[in-house]
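Just so you know, ligand 1 is whichever comes first in the structure, and atom 1 is the first atom listed for that ligand.
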Amino acid sequence: MKINVVKRVLNANDLVAQDNRKKFKQAQVLAVNFISSPGSGKTTLLEKTIQKLLPDEKSIALVGDLQTTRDAERLAPGALQATQINTGMSCHLYANQVADALKTLPLAKADYLFIENVGNMVCPGEFDLGENLKVVLLSIPEGDDKVAKYPTIFRAADLVLITKIDLMGALSFDLKRIQDDLAKLNANVPLIQLSSLKGDGMVPWIQWLKAQRRKGIGAQAKFVTEE
Ligand code: MG
Ligand code: ZN
């Protein structure tokens with residue numbers, strides 16, 4: 001009985017997600033869902049990313065948090081629009097919250113839609129928002145055991161970003177352990193180490209992002225809406 005209820009909710013979410021994906025494709029926007037635990041540096045990375053893509057490429061930011069408009073305010077400079085979704089009690093975004101936001105977003109003018117999910121490594125991975133790609137962040141202070149502990153999200157990741165690498169020497173963090181655990185779950189997933197603060201890794205990150213957008217629009221690989 002319980003299983004049926006859960007399944008119905010997921011299916012309804014998937015239908016809305018499919019519709020979102022069509023809208024992204026029509027607008028030729030690359031939609032990226034950023035997932036991580038709180039405090040791993042999603043907002044800081046997005047602040048820098050939005051600025052680095054300018055002036056050629058323009059971004060919209062959609063931010064999910066239980067409360068406050070703080071992150072949207074931080075992302076507003078440089079973004080075509082930054083919209084905050086307050087989820088209240090919910091620890092993840094639903095596709096219909098993105099669909100509602102899309103009604104007021106200038107999607108046709110944008111190249112990227114960056115969706116910062118609620119800080120949580122568990123359920124955001126289970127709710128498709130219609131995004132083209134999932135980027136999972138893991139910061140050095142969180143520890144090198146998290147890939148093995150949260151396999152679902154790392155299995156679904158299109159890219160893993162190891163953030164705050166400027167803290168690498170100060171804390172014990174075994175990158176090899178992360179790589180070994182990823183090899184078991186998601187063997188071909190690319191991994192980029194970066195520090196938003198110091199700028200390390202920003203070049204490969206921006207290159208990856210731009211390449212995904214080109215690929216999406218050209219070859220219609222992951223970008224394509226399954227119909
Ligand atoms: Mg944030
Ligand atoms: Zn949740």
Side-chain angles (χ1 to χ4, degrees), residues 2-3 5-17 20 31-53 59-101 105 112-131 133-142 146 149-157 159-167 194-197 201-202 205 209:
K2 257 184 185 163
I3 290 167
V5 173
V6 170
K7 205 171 173 206
R8 259 193 357 243
V9 171
L10 280 176
N11 287 343
N13 185 77
D14 287 347
L15 288 174
V16 180
N20 290 346
V32 185
N33 187 0
F34 289 79
I35 300 171
S36 76
S37 50
S40 63
K42 293 185 294 301
T43 314
T44 306
L45 175 68
L46 282 176
E47 276 181 298
K48 309 273 174 174
T49 301
I50 288 167
Q51 296 292 343
K52 288 236 182 263
L53 290 167
S59 310
I60 294 172
L62 199 53
V63 196
D65 273 308
L66 273 65
Q67 295 288 337
T68 82
T69 55
R70 231 200 114 188
D71 284 1
E73 286 161 25
R74 285 175 60 192
L75 295 175
L80 280 176
Q81 193 171 321
T83 295
Q84 184 86 41
I85 298 171
N86 280 144
T87 59
M89 296 295 282
S90 173
C91 52
H92 57 267
L93 288 172
Y94 288 99
N96 62 5
Q97 293 172 311
V98 174
D100 281 347
L105 295 178
Y112 298 90
L113 173 67
F114 296 129
I115 305 169
E116 183 186 331
N117 218 309
V118 181
N120 174 1
M121 274 204 161
V122 185
C123 45
E126 291 166 31
F127 291 85
D128 185 9
L129 305 178
E131 74 273 5
L133 299 162
K134 284 183 175 67
V135 171
V136 179
L137 286 75
L138 174 66
S139 66
I140 298 292
E142 290 169 67
K146 295 302 177 291
K149 283 189 177 175
Y150 298 92
T152 312
I153 193 58
F154 286 99
R155 202 176 282 128
L159 174 73
V160 174
L161 290 177
I162 305 296
T163 59
K164 307 193 186 183
I165 57 152
D166 46 298
L167 297 173
L194 67 84
S195 164
S196 300
L197 199 66
M202 284 306 279
W205 155 240
L209 205 50

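When atom types are taken as modelled, the side chain of Asn20 and the backbone of Glu131 share no donor-acceptor pair closer than 3.5 angstrom. Listed for the Glu126 side chain is no donor-acceptor partner under 3.5 Å among the backbone atoms of Cys123. When atom types are taken as modelled, the side chain of Asp65 and the backbone of Gln67 share no donor-acceptor pair closer than 3.5 angstrom. The main-chain N or O of Ser195 is never found under 3.5 Å from a side-chain atom of Asp166 such that the two would form a donor-acceptor pair.
Note: angle at the Zn ion (ligand 2), from SG of Cys123 to ND1 of His92, is 110° (rounded to 10 degrees). Atoms OG1 of Thr43 and OD2 of Asp71, as seen from the Mg ion (ligand 1), are separated by an angle of 90°, to the nearest 10°.
Among the backbone and side-chain atoms of Glu116, an N, O or S atom lies under 2.8 Å from the Mg ion (ligand 1).
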